[in-house]
Amino acid sequence: MTATPIRLSEEVGAAVADGAAVVALESTIFSTLGLPAPANGEALARCEAAIRARGAVPAVTAVLDGQWRVGLEPGEEKRILAGTAKVAERDLSVAAAQRWDVGVTTVSASVALAHHAGISVFATGGIGGVHRGVELSGDISADLDALAKHPVVTVSAGAKAFLDLPRTLEYLETVGVPVLGWRHDDFPAFYTRSSGLRVQHRVEAAEEVAATLEHRVRPDTGVLLTVPIPSEEELDGDEIDRKIAEALRASEEAGISGPAVTPFVLSRLEARTDGASIPANLALAENNANVAAEIATAFA
Ligand code: PSU
Ligand code: MN
């Protein structure tokens, strides 16, 4: 047996050793599974730039050549952008054992790798959650369990409204994950600032978020910090709801299940909004990266 196949990039390794501000990023959102080219490359560049603008170091997680990677070396971005193999937390061991060439990490795999690497803050667009129709499908994203098992602050614009958001919040309550709203009272619905549901607690300052993680009762429970999409970028809620219903119907008719559901619904939604959802997606991801860098600075 070989040792745990984790490798930090030179820059990220040095930053972690110095206790400097580091923000982990997932890679599924930047791959073909998350956003169409060239928006995926733009999303990655904007998230990294937002983190660096605050003096923090971005750490993209991925599997490359069978290794768990935290932080990429120059020139490796293009391998992520072209990635097609989705790696959730449970797939990390398989990807290492089978030496996958490229695996793109979801939220669950990313918070696990951030934890292993000693990074306390992770930024994404939207987390996975409890799917609508869970009574029949049993489909609950592994992201939720991972938030409960790794001591990391996850910064997201809530979860996409194609999920069952009330049940997603109930699940997070059950597994003991605090759900905080960044200067906002409502749980965001990704493209819109409010889902009509309240967050558990509103927070105003990065120090409160960092202290909430530090005062966790269990050794390994994370925190979900939700950040609403900037007002100027918000989409029309009724319209997006209609498109979501169409995308979900298409997914059902095509008999899609398991890990393929989320990428399928995302791509249908993009097609049905004629790409109008993409600028909103980029703006909220960048905004989340910016807030995450502020939180990481409070930890540093
Ligand atoms: N939501 C998005 N874009 C994404 C995802 C979710 O708006 O790219 C990705 C994230 O990587 C998330 C994953 O962790 O989908 C959840 O997949 P699943 O529902 O199969 O757990
Ligand atoms: Mn699922």
Side-chain angles (χ1 to χ4, degrees), residues 24-37 39-40 43-44 47 60-63 80-81 83-92 103-114 122-134 136-148 150 152 154-165 167-168 171-172 188-192 195 222 224 226-227 229 233 235 240 243-244 247-248 251-252 256-270 273 277-289:
L25 293 167
E26 61 156 307
S27 47
T28 295
I29 179 182
F30 305 123
S31 76
T32 60
L33 303 177
L35 280 164
N40 58 345
L44 176 55
C47 287
V60 174
T61 67
V63 173
I80 303 305
L81 301 183
T84 55
K86 182 173 171 180
V87 173
E89 183 176 13
R90 69 173 183 172
D91 303 309
L92 283 167
V104 289
T105 45
T106 65
V107 169
S108 68
S110 301
V111 294
L113 291 180
F122 160 69
T124 182
I127 60 165
V130 179
H131 285 253
R132 296 190 199 173
V134 65
L136 293 177
S137 68
D139 194 347
I140 299 174
S141 174
D143 292 356
L144 301 181
D145 187 62
L147 293 182
H150 300 288
V152 172
T154 291
V155 181
S156 100
K160 273 222 170 78
F162 68 76
L163 298 167
D164 185 329
L165 299 184
R167 282 200 169 96
T168 298
Y171 191 96
L172 289 167
F190 201 81
Y191 296 121
T192 57
S195 60
L224 178 62
T226 63
V227 180
I229 182 171
E233 309 286 349
L235 299 184
I240 202 83
K243 312 276 175 175
I244 284 169
L248 286 173
S251 162
E252 219 166 279
I256 308 291
S257 67
V261 171
T262 296
F264 184 92
V265 176
L266 290 177
S267 75
R268 279 308 165 108
L269 204 52
E270 271 146 23
T273 57
S277 62
I278 292 174
N281 207 332
L282 300 199
L284 67 86
E286 178 183 33
N287 189 48
N288 293 344

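Counting convention: from 1, in listed order, for ligands and their atoms alike.
- Note that CZ of F190 is 9.0 Å distant from CZ of F162, once rounded to the nearest 0.5 Å.
- For atom 7 (O) of ligand 1, the nearest non-hydrogen atom of the protein is K160 NZ, 2.3 Å.
- A distance of 10.0 Å separates CD1 in I29 from CG in N40, rounded to the nearest 0.5 Å.
- Using a 4.5 Å heavy-atom cutoff, the side chains of K160 and V265 are not in contact.
- Rounding to the nearest 0.5 Å places CZ of F122 at 10.5 Å from CG of L224.
- For atom 9 (C) of ligand 1, the closest non-hydrogen atom of the protein is T28 CG2, 4.1 Å.
- Smallest separation of non-hydrogen atoms from L165 and S195: CD1-CB, 3.7 Å.
- The line from CZ of R132 to CG of D139 is 13.5 Å long, rounded to the nearest 0.5 Å.
- Listed by number with element, the atoms of ligand 1 under 4.0 angstrom from any heavy atom of F190 are 7 (O).
- I127 contributes atom CD1, which lies 8.5 Å from atom CG of L163 (distance to the nearest 0.5 angstrom).
- Heavy-atom contacts of T262 reach the following atoms of ligand 1: 6 (C), 15 (O), 17 (O), 18 (P), 19 (O), 20 (O) (cutoff under 4.0 Å).
- Between K86 and ligand 1, at least one pair of N/O atoms sits closer than 3.5 Å.
- Counting only distance, with no hydrogens or angles, the side chain of T28 and the backbone of T105 share a donor-acceptor pair below 3.5 Å.
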Please tabulate, for side-chain N and O atoms in residues 277-287, each donor-acceptor pair with protein atoms closer than 3.5 Å (sequence neighbours left out).
| from | atom 1 | to | atom 2 | distance (Å) |
| --- | --- | --- | --- | --- |
| S277 | OG | T273 | OG1 | 3.2 |
| E286 | OE1 | R46 | NE | 3.2 |
| E286 | OE1 | R46 | NH2 | 2.8 |

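- Where the criterion is an N or O separation shorter than 3.5 Å, residue side chain and backbone included, V107 meets it with respect to ligand 1.
- Taking 4.5 Å as the limit, every side-chain heavy atom of T192 sits out of range of all side-chain heavy atoms of I229.
- The protein non-hydrogen atom at the shortest distance from atom 12 (C) of ligand 1 is D143 OD2, 3.4 Å.
- For atom 1 (N) of ligand 1, the closest heavy atom belonging to the protein is G126 O, 3.6 Å.
- For ligand 1, the atoms sitting less than 4.0 Å from at least one non-hydrogen atom of H131 are 19 (O), numbered in the order shown with element in parentheses.
- The nearest protein atom to atom 11 (O) of ligand 1, hydrogens excluded, is given as E26 OE1, 2.6 Å; this is a heavy-atom distance.
- Looking at L35 and E270, their side chains come closer than 4.5 Å, going by heavy atoms from C-beta outward.
- The protein heavy-atom contact nearest to atom 3 (N) of ligand 1 is L266 CD1, 3.5 Å.
- For the Mn ion (ligand 2), the neighbouring protein N/O/S atoms at less than 2.8 Å, given as residue and atom, are D139 OD1.
- Interatomic distance, OG1 of T84 versus CG of L33, reported as 6.5 Å (0.5 Å rounding).
- Closest to atom 21 (O) of ligand 1, if we only count protein heavy atoms, is S141 OG, 2.6 Å.
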